[in-house]
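Hydrogens, waters and symmetry mates play no part in the numbers below; they use all other heavy atoms, side chains included. First the proteins, then the strands, lettered A, B, ... as listed; each starts at 1.
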Amino acid sequence: MTDVASRRDVGERPAAPERIMTLTVNGRPYALRMDTRVTLLDALRDRLGLVGTKKGCDQGACGACTVHLDGRRVLACLTLAAQAEGRAITTIEGIADADGPHPVQQAFMEHDAFQCGFCTPGQIMSAVALMAEGRAGSDEEIREFMSGNLCRCGAYPNIVAAIRDAASRGGHDARL
Amino acid sequence: MSTVESRPRVGAGVNRVDGPRKVTGTAPYPMDFSVPGQAYGALVQSTVAAGRIVRMHTDAAEGAPGVITVLTHENAPKVGKGPTTVLGASPLPPLRNDRIVHHGQHIAFVVAETPEQATAAARLVRADYETAEPLLDLHDPRAEQVIDPWGMDTSRGDPAAALESAEVTVRATYTTADNTNNPLGLFATLAAWEGDTLTVHDTSQWPSMVRTTLATVFGIPESSVRVLVPYVGGGFGAGLRAWPHVVLTAMAARMIKRPVKLVLTRPQMFTSIGHRPSGVQWLSVGATRDGELVALDHRSLTSLSMEEADYEPFASGTAFAYRCPNVITQDRQARLNIAVPTSMRAPAEAQGNFALESALDELACKLRMDPVELRLRNHTDVDPRNGLPWSGKALLECYEIGARRFGWSDRNPEPRSMRDGNWLVGYGMASAWFPYFAQPCAAQATVNRDGSALVRSAATDIGTGTYTVMAQLAAEEMGLPLDRVRFDLGDSDMPNSMMAGGSGLTGALGNAVHDACRRLVRTFAELACGDTDSPLFGFSPDDVECTDGRVHPAGRPDLGEAYADILARHGLSELTSNGNSTPPVDTELGMSLAGAYGAKFVEVRVDTDLGLIRVARVVSVIDGGRILNEKTARSQIIGGTVGGIGMALFEDTVTDPRTGRIANGTFADYLIAVNADVPELDVVFVGEPDHGTATGTKGVGEVGLVGIAPAIANAVHHATGKRIRELPITLDAVL
């Protein structure tokens, strides 16, 4: 029963300090008063209403919450919101531009690279970063470096096809 | 009246109509909804597998910051039991009494102002148990066995005598592991009451059933319950029940008079929403020396929870898969202290087909006969159970085309004979089937004043493409371009629909949509043909077609007029028709409804030193009847194939044999196929529209998975000479 006792101690501790954090998401700054333990994922979803970033495990194992921090992909469930202060946070809501969808989004639609669609925002955020990382050179490379993003519907071959297509058209600069 | 002269066998692979929402993150899943004033729930689950709760300690949780209430069996209102459905008895309501029947059973529900407060307080709830020794072993003689739970045991001829006298026999035992559905979307419920009216956002594959269940449980009219699920987030069978956590969330919301939202955690997804049950299968096959089957004896024992039902007749497929005069199939379920099992993609067939198709490969080896040839020799064009011809079965074409595309003739039949450097190469194949299934469905079609159409039904799109293919079907029936038709679903206020399950929805709902659209076109035709101002005046409504949004005499588009013009002239803002479908009956049709068939060809590579098993190629040739959308149907087959690779090589929900706790209940520990595990997959559709139904579809959600595990196991045998009869096949088994 010692673990229960220690858990009770945790519960009876005073509330964790809150403070105001400024998060810059998709180019827009937001000031939020939050518990310092809030993850970036919960801050995006619950505080900012940006629910395109998905929670599939909350344990860093599925990739559904992939976002970009300064252009690099990170798992928002394993990142504290406080760690993202002062950095550029990009989510699925922020990658299209005024002209239309991002080439990777377009390629995902053309190649039917999703089914239920739940993992799709994370897949697309990983795919965009993958191309920027120069990791989309071959199908084998795409498969390997997309393996942190689980898709239970099993759309993997179409995800590979979509990324191959988008990469061959010049990545971000291409308009399909 | 005719709407379409000739239907394409394979419909255009148009992009999903919901694609733009899914790629931009704007498709709302149940966990994405919020309403003002909502509180948050967190589950407390049993840490023992059997016994009773002596005392609940909730004081600490009740005093924790933000906590509104803590529900346990001591204070929860007793609610009614949900209805029995085609899938059997409803899961039992939560917090009924002090009895514990499995590890991870919900024993308390904490409601607080924030999700963090609810989660933190849930950790403070403690239970004192009087524990009992849990029954966890399928073979435990103390476990109650349910005999022939679905009335599907079969027997024909004299299998015992035929086995006794057979020239060649194979007798083998196969086991399959517990697998967990694990859709990526965490199951979520958001329940809000307004007086006695309940609105629920819920992760479900069957909103009509959830509505009925909640109405029954809370004793309110069905018209007072609305269940919404525009996007599901995957289900694979897990969304076919109204689970206890759904009832709990609605119960708590009613008690505190505020909306309550619950999102399951990933570990809770292993114990709260079903799983594919483990089982052992005993198979005896008798054949002549030239490969003609003379006897099949297929028996299964599978795991079941203590109090619920689960449709899982593993052996039943063997009764119709091949021509064989002497067959017995028997299914038994053992009641254990495990969480409720439920359908997981291709229930029963995934497991039963693994055993039968493995045993046939063993027979082919014994006969020194090609495995494809063995299947050709035992093919049947009639249903052996009733002697009726199948409503459509292009399985012979599946074998032929599959073997050719795969290059099956390059296979050296000798095990361990093919190598590529350090890799042993193996070719394996299997047949696949998934039986026809349908339930009643309704749909409603409306043409608006501008000539655009809205078609609706309380169905779900779990990723199969329902939004898209139903819009395509309606557009075709009404002669409208696709962008003038919207299909809406995911709302129990819409016409009743069957579940997205059993590969049945596309056919059953398609027939209802077909019916609604045809009735609607007929209404327009009757209006126009009886109207002196219409160019259709005087024509018979029986002889009217519609194309390009215009109703016209058959073959005379020049004499037509637009839907919008007909509405305007009659002062109507819209016209609506309802349509229905009921499952056809074999004996009335004079045909046996076939379901989907397929042939699977797999190449595996096994590292000689490390035992590493890689799937290098898969060819799936599928008879899915009429295919409404080549692109989404292909996705169903590749998705099923990926699920089959997982079942064959990775997936194994491990229960601790002493405590009944699931030991690998996370995505880090429970392995599913990832991108790098899946090669390029070749998919071909063959056959013709099914003759048993109006739309001619068969449903392709499950047949993609069936047959993959045995084809892999057979390929592993071909590569290594080792016959693995236990799934998943891990590298230690081949070393």
Using 0.5 Å steps for rounding, measure from the CG atom of Asn675(B) to the SG atom of Cys151(A).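 So the CG of Asn675(B) and the SG of Cys151(A) are separated by 8.5 Å.
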
Supply the atom-to-atom distance Asp18(B) CG to Phe114(A) CZ, rounded to the nearest 0.5 angstrom. 6.5 Å

Please give me the minimum heavy-atom distance between [X] and [Y], naming the atom from each residue.
X	Y	result
Tyr29(B)	Cys116(A)	OH-O, 2.6 Å
Phe118(A)	Leu186(B)	CZ-N, 4.3 Å
Ala61(A)	Ala668(B)	CB-N, 3.8 Å
Pro157(A)	Pro679(B)	CG-O, 4.0 Å
Cys62(A)	Phe667(B)	CB-CD1, 3.8 Å

Can you find a heavy atom in the side chain of Asp32(B) that is under 4.5 Å from one in the side chain of Arg45(A)? yes

Evaluate the side-chain proximity of Leu150(A) to Ile672(B): yes if any heavy-atom separation is below 4.5 Å, no if none is.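 Of all side-chain heavy-atom pairs linking Leu150(A) with Ile672(B), at least one is under 4.5 Å.
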
If I measure from the heavy atoms of chain B, does [X] come under 4.5 Å with its side chain, its backbone, both, or neither?
X	answer
Ile124(A)	side chain
Lys55(A)	both
Leu50(A)	neither
Gln59(A)	side chain
Asn149(A)	neither

Shorter than 4.5 Å, heavy atoms on both sides: which option in [options] has the most such pairs with chain A?
options	value
Asn181(B), Thr114(B), Val232(B), Leu264(B)	Asn181(B)
Gly640(B), Gly643(B), Ala673(B), Ala27(B)	Ala673(B)
Arg266(B), Glu116(B), Arg634(B)	Arg266(B)
Asp461(B), Thr464(B), Asn182(B), Leu681(B)	Asn182(B)

Quick one: do Asp677(B) and Arg143(A) satisfy salt bridge (charged side-chain N to carboxylate O under 4.0 Å, His left out)? Show the steps, please. CA-CA 8 Å; Asp677(B) 295 314; Arg143(A) 287 191 187 108; over 6 Å; no

Mind checking ring pair (Phe, Tyr, Trp, His ring centres under 6.0 Å) for Tyr467(B) and listing every partner two or more places apart, or none if nothing turns up?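 With sequence neighbours excluded, Tyr467(B) shows a ring pair (Phe, Tyr, Trp, His ring centres under 6.0 Å) to Tyr231(B), given in chain and number order.
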
I'd like to know which of [options] tops the heavy-atom pair count under 4.5 Å against chain B.
options	answer
Tyr156(A), Phe108(A), Phe145(A)	Tyr156(A)
Gly94(A), Gly60(A), Cys153(A)	Cys153(A)
Cys57(A), Gly49(A), Gly52(A)	Cys57(A)

Quick one: what part of [X] sits under 4.5 Å from any heavy atom of chain A, side chain, backbone, both or neither?
X	value
Arg345(B)	side chain
Thr265(B)	neither
Val642(B)	side chain
Thr26(B)	neither
Pro28(B)	neither
Tyr670(B)	side chain

Within the distance-only criterion (no hydrogens, no angle test), does the side chain of Ser147(A) pair as donor or acceptor with the backbone N or O of Val674(B) below 3.5 angstrom?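 No; judged by distance alone, with no hydrogens or angles, the pair does not exist.
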
N/O donor-acceptor pair under 3.5 Å between Lys22(B) side chain and Met109(A) backbone: no

Assess whether salt bridge (charged side-chain N to carboxylate O under 4.0 Å, His left out) is satisfied between Glu651(B) and Arg152(A), documenting all intermediate values. CA-CA 12 Å; Glu651(B) 299 193 37; Arg152(A) 189 56 158 157; 2.7 Å; yes

Would you please say whether a donor-acceptor pair under 3.5 Å links the side chains of Asp112(A) and Ser635(B)?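 Indeed, the side chains of Asp112(A) and Ser635(B) share at least one donor-acceptor pair under 3.5 Å.
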
Does atom CZ of Arg72(A) have more than 12 heavy-atom neighbours from other groups under 6.0 Å away? no

side-chain contact (heavy atoms from CB on, under 4.5 Å), that's the test. Do His111(A) and Lys631(B) meet it? Break it down for me. CA-CA 8 Å; His111(A) 291 272; Lys631(B) 195 177 274 191; over 6 Å; no

Could you walk me through whether Arg16(B) and Glu110(A) pass salt bridge (charged side-chain N to carboxylate O under 4.0 Å, His left out), step by step? CA-CA 9 Å; Arg16(B) 282 172 201 263; Glu110(A) 294 297 334; over 6 Å; no

